[in-house]
Structure formats: structure tokens, C-alpha cells
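Note on naming: letters A, B, ... go to the chains in the order of the sequence lines (proteins, then strands), and numbering restarts at 1 for each one.
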Amino acid sequence: MLPSVHTPVRKASVFLSVHRSLPQSTPATVAVFASPTSWIESDAVAQCHQVAALDGMVHVAGMPDLHPGKGAPIGAAMASTVLYPFLVGSDIGCGIAVFPIKLKRAVPEKLAARFPDLDRPLDPEQDADDPAWAVLAGDVPAGHVEGLGTVGRGNHFVELARVDTVLEPDHAERLGLRAGELVLIVHSGSRGLGERILRAHTEVHGAGPAADVAAYLAMHDAAVRWGSLNRRLLAARVAHALGAEPTTPIVDECHNLVEIRDGVYLHRKGAAPGDGRDVLVAGTRGTPSYLVAAHAGAEANHSVAHGAGRKMSRADALRRGRAKHTVEELRRTPVGSLVVCGDRQLLFEEAPTAYKRIEQVVADLVAHDLATPVVTTVPLVTYKTPDVGSTPRTARHDQRRRRGRV
DNA sequence: ATGTAC
């Protein structure tokens with residue numbers, strides 16, 4: 001239920017709340033694009049108002065996947081005359097890309113076993129014949145070679161999915177998508193690079209504005225390029241391992257970044273650019289995703305949701321999930337897909353029940369005229385982190401292996 | 001979400 005501080009305003013048949021945060025010389029507006037029945041935590045709305053009270057803030061738009069983050073809400077687009085690095089967060093350049101992939105047969109059990117270890121960085125010797133290297137033509141942004149080709153943790157994943165329902169046939173055709181065809185969906189960011197950039201700022205300025213905007217933006221832009229490059233590396237790596245040709249993405253939008261738009265800094269944290277772009281709104285490890293044509297206007301800060309959005313904190317998902325689910329039912333989902341995840345804790349944290357219903361999130365985007373669904377995709381194999389082998393390993397061994405030293 | 005410290 002939405003907190004009482006919200007003043008619901010009926011707009012046609014949809015719900016939208018717009019109000020001002022006081023006191024401030026030029027008060028910022030807050031708008032949350034969700035229906036009254038959608039699950040939005042009051043803590044997340046409170047974070048929107050905290051952000052709205054910051055110096056220079058103009059407008060805060062909460063997406064239907066809005067949920068509380070560390071200091072700032074996730075699923076929000078925040079326009080300000082001042083650039084705040086913490087409103088982008090540490091995973092600068094995180095985004096979701098969609099790559100067509102052609103496979104003769106798609107048996108989840110067989111393909112799951114063929115996924116490469118995406119915790120291990122690309123190795124010049126071990127992966128010498130990997131076509132992923134071709135993606136690296138030219139310089140690596142910021143010279144950051146560490147972690148290239150790794151997917152990371154948290155909500156990041158690489159998923160082999162099948163195009164299911166085609167809702168906009170002409171648009172789908174333009175993207176080269178037909179029902180039954182396969183895609184790789186890659187959700188990953190700038191790994192250690194973005195984290196390093198935010199930390200360098202935070203150590204000196206905390207949650208304050210960027211002191212040297214040009215310097216921050218130069219590093220930020222490199223992290224955004226690094227993230228996109230890494231998604232291509234990941235897709236090429238997986239395609240190679242599955243015996244398919246690497247492809248270029250038909251969709252690749254970054255949902256953690258800042259851009260200069262209409263003369264202000266538009267920070268996006270878990271909000272994808274929604275101005276005439278195609279965006280993959282990720283479901284969960286066990287539910288469909290929606291590829292949408294986004295057409296969000298100024299009131300939504302030209303943004304759309306980036307996924308289902310967490311309904312439970314990681315701690316709650318772990319505690320409640322252990323009582324509710326077995327590892328087996330999380331590894332084999334209701335839609336028949338497999339989840340490759342050797343980390344039991346992560347499996348519970350990322351359980352579909354820990355997330356909002358993607359159908360409701362997309363319905364909210366549609367109701368507010370922010371996006372039009374083009375196709376749905378259904379997972380076949382979702383890769384999170386390597387399956388644990390039969391040989392017990394020490395934590396130190398796992399750490400070394402992730403860094404490519406074993 | 002992250003690398004690192006506990």
C-alpha cells in the first residue's frame with residue numbers, strides 16, 4: 001500500500017502522484033509511476049523524497065520497479081542541476097543487452113552444462129580461440145583489463161531465452177525477432193571499475209556533488225563503455241561455448257548512468273532510457289521478460305523500469321526463502337528453465353518470489369503510456385555463477401579461481 | 001554490486 005503522504009491524482013484510468021517536497025528554494029517534484037495496487041515500499045518512496053530535498057534537485061521519477069537502495073532509491077530517474085555520483089551508484093554502466101543466437105537444438109540440461117565459467121576473467125591462453133577477443137578491437141576503456149568477461153554477482157546474469165509471445169509483430173520484425181527464436185540476455189555492469197570511480201569520489205566528498213564534473217564524467221563515460229563492451233564479451237563467450245556465432249546486440253541500454261539532458265544532470269539508478277529506445281525489462285530467474293518500445297516523456301524523466309524490482313531485501317529473501325523453497329525448485333523453475341548457480345545463498349536471494357510481478361511492472365508502464373510491449377521472452381537457462389563441482393573447495397580456492405589464478 | 005576485511 002502506498003503511504004498516506006502520497007496524494008493520489010486520477011489521470012484517466014491510471015494512478016499518478018505528483019507533489020512537492022518542502023522546504024526548498026526550488027522544490028523538486030516527485031512522481032511515482034505505479035498503480036495503487038502495485039507493491040511499492042514506503043522506504044523507497046521516502047528515499048525519493050530525501051533525494052528530492054537535495055540541493056539543485058528538479059524532479060524525481062519513480063519507476064514501477066522502485067525499491068529501497070543504499071541511500072538512494074533503485075528504479076528512479078533523478079534530474080538535478082547538481083551532479084551527485086551516489087545517485088548513479090557504484091555499478092556505473094550496468095545495463096541489459098539482447099543478442100540473437102542461433103542453435104540447432106535447445107535442451108536446457110545440455111546447454112546449462114556448456115556455459116563457461118563467467119566468474120573467471122577471459123584468459124589469453126586458456127581462451128585463446130575465443131571470438132570474444134574480437135570484441136576488444138582497440139583500447140579497453142580506462143585501461144581496465146581486470147575482470148573482463150566476468151558477469152559479477154547480485155542481480156547480474158546471462159540468460160538463454162526463447163521469444164515467446166509477439167505483441168507488436170512489425171516492431172519485432174524490425175528487430176529480427178520471431179516467436180520461437182533464441183536470444184542471449186546479458187545483465188552486467190562495469191565490475192570493479194565503476195566501484196573504484198565511486199569510491200574515489202566518496203572518500204573525499206561522501207554523498208556530496210562531484211567537485212570536478214568533467215573529470216567525473218570522463219571516468220563515468222569510460223565505465224559506461226566498459227559495461228557495454230563487457231556485455232558483448234560475455235555474449236560472445238557464451239555463444240562460442242554453445243557452438244554459435246557471436247552477434248551484435250539488438251538492444252543494449254544502460255540503467256545506471258548520468259546524462260546531461262535539457263541542461264540538467266539526469267541520474268538514472270535502475271531506470272533505463274525511455275526516450276524512443278527499445279529496452280529489455282528483465283523478469284526474474286523463472287518468469288518471462290518483456291522487450292518494450294519505450295516512449296517516456298518529461299514527467300517520467302524520459303525513463304522506464306529496468307526489471308521486476310526487488311520486493312524483499314536480500315536478508316528477507318534468504319530467511320523466508322529457506323523456509324519456503326528447496327534448492328531444487330529454484331534450480332528448475334516453473335517455466336521449465338534451469339538456473340546455474342552454485343551459490344545457495346544467492347539462489348535464495350534471487351528467488352522469483354523475492355521480486356515483484358513483472359506483469360504488473362509492465363502493466364504500470366503501459367497504463368502510464370511509458371512503453372509498449374513488443375515481445376516476451378521465456379528463460380531456458382539462466383547463468384548466475386558456476387555450479388559447484390563434486391570436489392569440495394575452500395573459500396580461498398573459490399576466490400583465487402574467480403580471479404583466474406587457479 | 002563491489003573488492004576486501006573479518
Next item on the list: Take atom CG of Leu198(A) and atom P of dA1(B), then tell me their distance rounded to the nearest Å.
Entry: 14 Å

Check: Should the pair Tyr84(A) and Phe86(A) be assigned to parallel (<30°), tilted (30 to 60°) or perpendicular (>60°) ring geometry?
Finding: perpendicular

Notebook entry, point to check: For dA1(B), does either OP1 or OP2 sit under 4.0 Å from a side-chain N or O belonging to Arg314(A)?
Noted result: yes

Notebook entry, point to check: Over how many whole Å does the gap from Lys269(A) atom NZ to dT2(B) atom C1' extend?
Noted result: 12 Å

Checklist line | Protein-nucleotide distance (Phe86(A), atom CZ; dT2(B), atom C1'), rounded to Å | finding: 18 Å

Next item on the list: Specify the separation, in whole Å, of atom CZ of Arg153(A) and atom C1' of dG3(B).
Entry: 13 Å

Margin query: Students often get this wrong, so: under 4.0 angstrom with heavy atoms, is Arg191(A) touching a base, only sugar-phosphate, or nothing?
Written below: sugar-phosphate

Notebook entry, point to check: Hey, what's the ring geometry for Trp226(A) with His144(A), parallel, tilted or perpendicular (30° and 60° as the breaks)?
Noted result: perpendicular

Item checked: Distance in angstrom units between Arg199(A) CZ and dT4(B) P, rounded -> 7 Å

Note to self: Distance check needed: dA1(B) P versus Leu257(A) CG, whole Å only.
What the structure shows: 16 Å

Checklist line | Phe348(A) and its side chain to side chain contact (heavy atoms under 4.5 Å, CB included) partner, picked from Arg314(A), Arg319(A), Arg322(A) | finding: Arg322(A)

Item checked: Value in whole Å for how far the C1' atom of dG3(B) lies from NE2 of His156(A) -> 14 Å

Next item on the list: Grab the CG-C1' distance between Leu193(A) and dG3(B) for me, whole Å please.
Entry: 13 Å

Checklist line | Between Thr385(A) and Asp343(A): side-chain donor-acceptor atoms closer than 3.5 Å | finding: no

